[in-house]
2 protein chains.
Amino acid sequence: MRSIGALGKATNTKVETIRYYERIGLLAPPQRTDGNYRTYDDEALARLSFIRRSRDLGFSLDQVRALLSLTDQGTQDCKTVDRIARDHMAEIERKIADLIALRHELSTMIESCCGGSISDCRIIEALSPFD
Amino acid sequence: MRSIGALGKATNTKVETIRYYERIGLLAPPQRTDGNYRTYDDEALARLSFIRRSRDLGFSLDQVRALLSLTDQGTQDCKTVDRIARDHMAEIERKIADLIALRHELSTMIESCCGGSISDCRIIEALSPFD
DNA sequence: CTTGACCCTGTAGTTGCTACAGGGAGCATA
DNA sequence: TATGCTCCCTGTAGCAACTACAGGGTCAAG
């Protein structure tokens with residue numbers, strides 16, 4: 001059993017974030033000490049680690065919730081898990097493509113700029129309408 | 001002169017968003033009709049177009065605010081504009097790199113999965129701690 | 001004269017936290 | 001025993017950048 005601070009350190013999570021996860025129902029309310037302190041067992045540690053790892057991989061809290069409930073059910077619904085992961089992957093691909101397009105536009109804009117000395121700024125011009 | 005709805009259509013912006021921009025001081029409060037409707041002139045249209053184009057390029061509202069004030073000043077501070085644009089560019093590069101790393105991790109995870117039929121799910125396993 | 005599309009203000013919701021404020025618990029030291 | 005100090009508690013408000021109401025007013029067409 002460990003305190004919320006210890007759990008936070010173990011999972012690289014801020015204390016407030018842990019309480020937030022509890023509040024939104026992602027983590028079950030843990031046991032309390034006589035002094036009303038939360039105490040967490042290994043299962044809670046595993047669950048929070050799972051959440052954090054999923055978050056690091058960019059899953060939304062809703063997606064994490066879905067993944068957790070699938071593992072909780074133990075129904076081994078691999079198809080659903082796979083779909084969530086693939087959907088997420090597709091979204092990341094989209095974001096990458098968007099950002100690359102953006103980078104291209106931006107770099108064109110920046111390159112057309114004077115570089116800091118000439119008086120009519122092509123960046124502002126590029127952003128302005130009717131040019 | 002045009003109504004807020006017309007301005008919204010012309011700039012592909014929701015009416016609520018235009019009012020929001022006004023509330024946070026990005027757009028000046030426009031003139032009103034007798035019936036208290038906002039009316040916008042061409043300058044407002046140009047300004048909102050500038051804002052939207054900047055937003056589309058991923059600039060934050062704070063960055064947009066800075067760009068706008070630079071153009072308002074007319075001081076032709078090209079150096080500052082260039083810096084804002086380059087900073088933004090660097091941030092986008094970072095995001096792209098992050099997402100590509102993420103994609104790699106995710107694809108490794110997904111490929112190791114059964115594909116929807118075998119009962120022990122490697123995705124869940126990959127997300128779980130102590131594996 | 002009524003219907004419908006538009007507009008108004010003001011407030012609350014979204015995502016995923018983060019940051020207080022104002023207090024209590026628990027342990028070490030003087 | 002008193003005093004610090006660190007940790008913990010609850011509850012609320014803030015961030016970005018909108019979006020979505022609720023509950024009303026305005027205006028033109030039929």
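By convention in this document, chain letters (A, B, ...) are assigned in the order of the sequence lines, proteins followed by strands, and residues within each chain are numbered from 1. Only a predicted model underlies this, so the values are computations on that prediction, with no experimental measurement involved.
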CZ of A:F59 versus P of C:dT15: gap in Å, rounded? 18 Å
Picking from C:dC8, D:dC18, C:dC17, the nucleotide nearest the side-chain atoms of A:L61 would be C:dC17
Atom CG of B:L48 and atom P of D:dA17 are separated, to the nearest Å, by 16 Å
Does OP1 or OP2 of C:dC8 have a side-chain N or O of B:R38 closer than 4.0 Å? yes
Main chain of A:F59, side chain of A:R55: is a donor-acceptor contact present, judged purely on distance under 3.5 Å? yes
Considering only heavy atoms from C-beta outward, does the side chain of A:P30 approach that of A:E22 to under 4.5 Å? yes
Without decimals, in angstroms, what is the distance between B:I4 CD1 and D:dT26 C1'? 15 Å
Considering all heavy atoms, the nearest B:Q63-B:G58 contact: OE1-O, 4.3 Å
Walk me through it: do A:T13 and A:R52 pass the test side-chain hydrogen bond (donor to acceptor under 3.5 Å, both in side chains)? CA-CA 8 Å; A:T13 310; A:R52 297 301 285 180; 3.1 Å; yes
Check the pair A:I84, A:L70 against side chain to side chain contact (heavy atoms under 4.5 Å, CB included), reporting the backbone distance first and the verdict last. CA-CA 11 Å; A:I84 292 172; A:L70 287 170; 4.1 Å; yes
How long is the gap from CD on B:E91 to CG on A:L99, to the nearest 0.5 Å? 10.0 Å
Near DNA chain D, under 4.0 Å by heavy atom, which residues of residues 11-37 of chain B? B:K14, B:E16, B:T17, B:Y20, B:Y21, B:G35, B:Y37
